[in-house]
Amino acid sequence: MDFNTSSYARSKSRRSHTKSRLGCGNCKRRRIKCDETGPECINCVRHSIKCNYGQSSRRVTPTGPGQNAVVLPRDPNEQTTKGYAFISSSQSAFAVPKRAHREAAVSPSQPSPSSESESTVARSTFQFTASDMVLFHHCLSAEDLKGHIPDQLIRLGFSVHYVLHLLLAVSAFYLKRTSENNRMHCLLQPDFNCGVEAERHLSTAIAQVAATDPHMDQGNSHTLYIASLFIFICSLARGPQPSEYLAFRDDNDTPTLCLFNGMRSILEASKNSGISSGISEVHAPEMQELSPQQARESEQIQNLPSHEIINYNIGASSQYSQPLSNLRILILNTFHPTDPRHSAYCDVFELLRSRYDSILGPVPIAGPELWPQIFSWLYLLPDVAAHDMQQKHPIALLLFSYFAVLLNELDSVWFIRGWPSHIVKAVHTRLGEYHRPFLLWPMNELGLI
């Protein structure tokens, strides 16, 4: 047998070629030849993976014979595939992918070196523990939670993780305040502390919200409002605390009412910027100020002598008419018409009276309509009255105790339960002998007498 190479074999020998560095990143990583066809090379199409050919480098087609392709520099704004692992769909060429190096996450307790955008926080890794899965399941199954957590809020939590942390915090607070015989407790580990887990998720959410871009725009106004709303709910879900009474505290720390005012600030900033779209679907119906008729009545009663106000018909004839009349006289006798607080407190009282007429009047309302009617009083509360409540001014505390009677209409809601009586008891201990008789009616309404 002739072992010499024939002329046919010599003609079919491997030809020399020039190496190309313009192939896609996937072919380079797998060390195979890329056909360099755009927009996707054949190898990536065959293995059903996203091809980045044309992104890692730009090529200009030669304009004449003998001219080489010109490589343009990479656009710094282009996305790269660094950090991703690709799995081939070809069984014959299957290889276990290398794990991409993951950057260490910043601990929520550590201050962020710079303000992060909301999208950056959303892309951060959310590591579910077994206890977190139980809390998340409770959000979807508990009857008392499903009514306040719609499905679109759950979907929002998947993309914005601080919303998900807040939902888990609400679920943990609920388990803490319910009976130990709750069926969910049997799914938790013996050393699981609902209160600790709730505070952990809440603090993580607050840290992530603080790390987001503070600039209000169309993309983050909706989620920032959701976050402020649920941070306020979590403060109520903790339950009545010995030194916390929503509008004032014993330790002179920031009361929960300031969290509610923060939610109001987000709403007002969104409306002033013309980007309030999307907020109204989560927020309660629009909170209105006094109607023209109520404003005229308020002006008429302010012009009456103090001895005639007792005979003025405030609202419909009901059990709250006389106590409100007495409170109105006290306000007018306390603040002189030249006092800047005079008009502010009269407006606060008239708004409170209108809410009593709507909620406890001849045609009382109930159900979801209670929420905007009750919390609109807090929403429209002027800063001077809120400040006086923090300073424990007697008239401001009395107004807040009458608001607690309306808040008691929502006592069936688990995170409101216990707060009205807790507030009125604290007000009673801080009033002197002159102002305490005006508190008898709220105490009687809450069963404290």
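In what follows, every heavy atom counts, from backbone to side chain, and hydrogens, waters and symmetry copies are set aside. Sequential numbering from 1 along the given sequence is applied to the chain's residues. Because the structure is a prediction, the values reported are computed rather than measured.
The main-chain N or O of Pro255 is never found under 3.5 Å from a side-chain atom of Arg249 such that the two would form a donor-acceptor pair. Counting only distance, with no hydrogens or angles, the side chain of Trp377 and the backbone of Leu351 share no donor-acceptor pair below 3.5 Å. Looking only at distances, a side-chain donor or acceptor of Asp411 sits under 3.5 Å from a matching main-chain atom of Gly418. Put simply, the side chain of Tyr356 gets close to the backbone of Tyr402: a donor and an acceptor are under 3.5 Å apart. Without hydrogens or angle criteria, Asn333 side chain to Ile329 main chain gives a donor-acceptor distance under 3.5 Å. Side chain of Gln241 to backbone of Ser243: no donor-acceptor contact under 3.5 angstrom is found.
Nearest heavy-atom pair, Thr223 versus Leu156, reported as atom, atom and distance to 0.1 Å: CG2-CD1, 3.6 Å. When all heavy atoms of Ala169 and Leu202 are compared, the pair lying nearest together is CB-N, 3.9 Å. The heavy-atom pair separating Glu244 from Thr254 by the smallest distance is OE1-O, 4.4 Å. The two residues Leu439 and Val424 come nearest to each other via the heavy atoms CD2-O, 4.1 Å. Nearest heavy-atom pair across Ala385 and Val348 is CB-CG2, 4.3 Å. When all heavy atoms of Leu378 and Asn261 are compared, the pair lying nearest together is O-OD1, 4.5 Å.
Side-chain contact check for Thr204 versus His161: every heavy-atom pair is 4.5 Å or farther apart. Residues Phe400 and Leu246 have side chains in contact (heavy-atom distance under 4.5 Å, counting atoms from C-beta outward). Looking at heavy atoms from C-beta onward, Val170 lies in side-chain contact with Cys234 at the 4.5 angstrom threshold. Counting heavy atoms from C-beta on, the side chains of His201 and Leu166 never come closer than 4.5 Å. Using a 4.5 Å heavy-atom threshold, the side chains of Lys392 and Val427 count as separate. Counting heavy atoms from C-beta outward, Leu135 and Leu175 have side chains that approach closer than 4.5 Å. His435 is listed as a side-chain neighbour of Ile395, based on a closest heavy-atom distance under 4.5 Å. Looking at Val384 and Pro340, their side chains never come closer than 4.5 Å, going by heavy atoms from C-beta outward.
Ring centroids of Tyr320 and Trp441 are separated by 6.0 Å or more, keeping the two rings apart. Ring centroids of His393 and Phe335 are separated by less than 6.0 Å, placing the two rings close together.
Rounded to the nearest 0.5 Å, atoms CD1 (Ile331) and CG (Leu324) are 9.5 Å apart. Atom-to-atom distance recorded for Asp347:CG and His342:NE2 is 10.0 Å, nearest 0.5 angstrom. The CG atom of Asn408 sits 9.0 Å away from the CD1 atom of Ile374 when rounded to the nearest 0.5 Å. Between atom NZ of residue Lys176 and atom OG of residue Ser171 there is a gap of 14.0 Å, rounded to the nearest 0.5 Å. Remark: Arg177 CZ to Cys194 SG distance equals 13.0 Å, nearest 0.5 Å. In this structure, OH on Tyr345 lies 7.0 Å from CG on Leu399, to the nearest 0.5 angstrom.
A perpendicular orientation is assigned to the rings of Phe403 and Phe375, their planes being inclined by more than 60° (bins at 30° and 60°).
Using modelled atom types, one finds a donor on one side chain and an acceptor on the other under 3.5 Å when comparing Ser376 with Arg355. No side-chain N or O of Thr256 forms a donor-acceptor pair with one of Tyr245 less than 3.5 Å apart. No side-chain donor-acceptor contact under 3.5 Å links Glu197 and Asn193.
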Go through it in stages, so that I can follow the logic: the residues are Cys258 and Gln390, the test is side-chain contact (heavy atoms from CB on, under 4.5 Å), and I'd like the CA-CA distance, side-chain angles, deciding distance and then a yes or no. CA-CA 10 Å; Cys258 293; Gln390 296 184 38; 3.8 Å; yes
Evaluate the side-chain contact (heavy atoms from CB on, under 4.5 Å) criterion for residues Val160 and Ile226: first the C-alpha distance (whole Å), next the side-chain angles of each, then the deciding distance (0.1 Å), finally the verdict. CA-CA 11 Å; Val160 184; Ile226 291 294; over 6 Å; no
Run the side-chain contact (heavy atoms from CB on, under 4.5 Å) test on Trp414 and Tyr174 for me, step by step, so that the C-alpha distance in whole Å, both residues' side-chain angles and the decisive distance to 0.1 Å come before the verdict. CA-CA 8 Å; Trp414 66 274; Tyr174 177 80; 3.4 Å; yes
CA sep, side-chain torsions, deciding dist, call: Ile233, Leu236, side-chain contact (heavy atoms from CB on, under 4.5 Å): CA-CA 5 Å; Ile233 291 178; Leu236 297 176; 5.6 Å; no
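Of the charged side-chain nitrogens involved, none lies within less than 4.0 Å of a carboxylate oxygen, so that Asp383 and Arg341 do not count as a salt-bridged pair. With respect to Arg238 and Glu199, a salt bridge is recorded, a charged nitrogen being found less than 4.0 Å from a carboxylate O. Salt bridge present: Arg200 and Asp132 bring a charged side-chain N and a carboxylate O closer than 4.0 Å. A salt bridge is defined here as a Lys NZ or Arg NE, NH1 or NH2 lying under 4.0 Å from an Asp or Glu carboxylate O, and Arg353 with Asp357 meets this definition.
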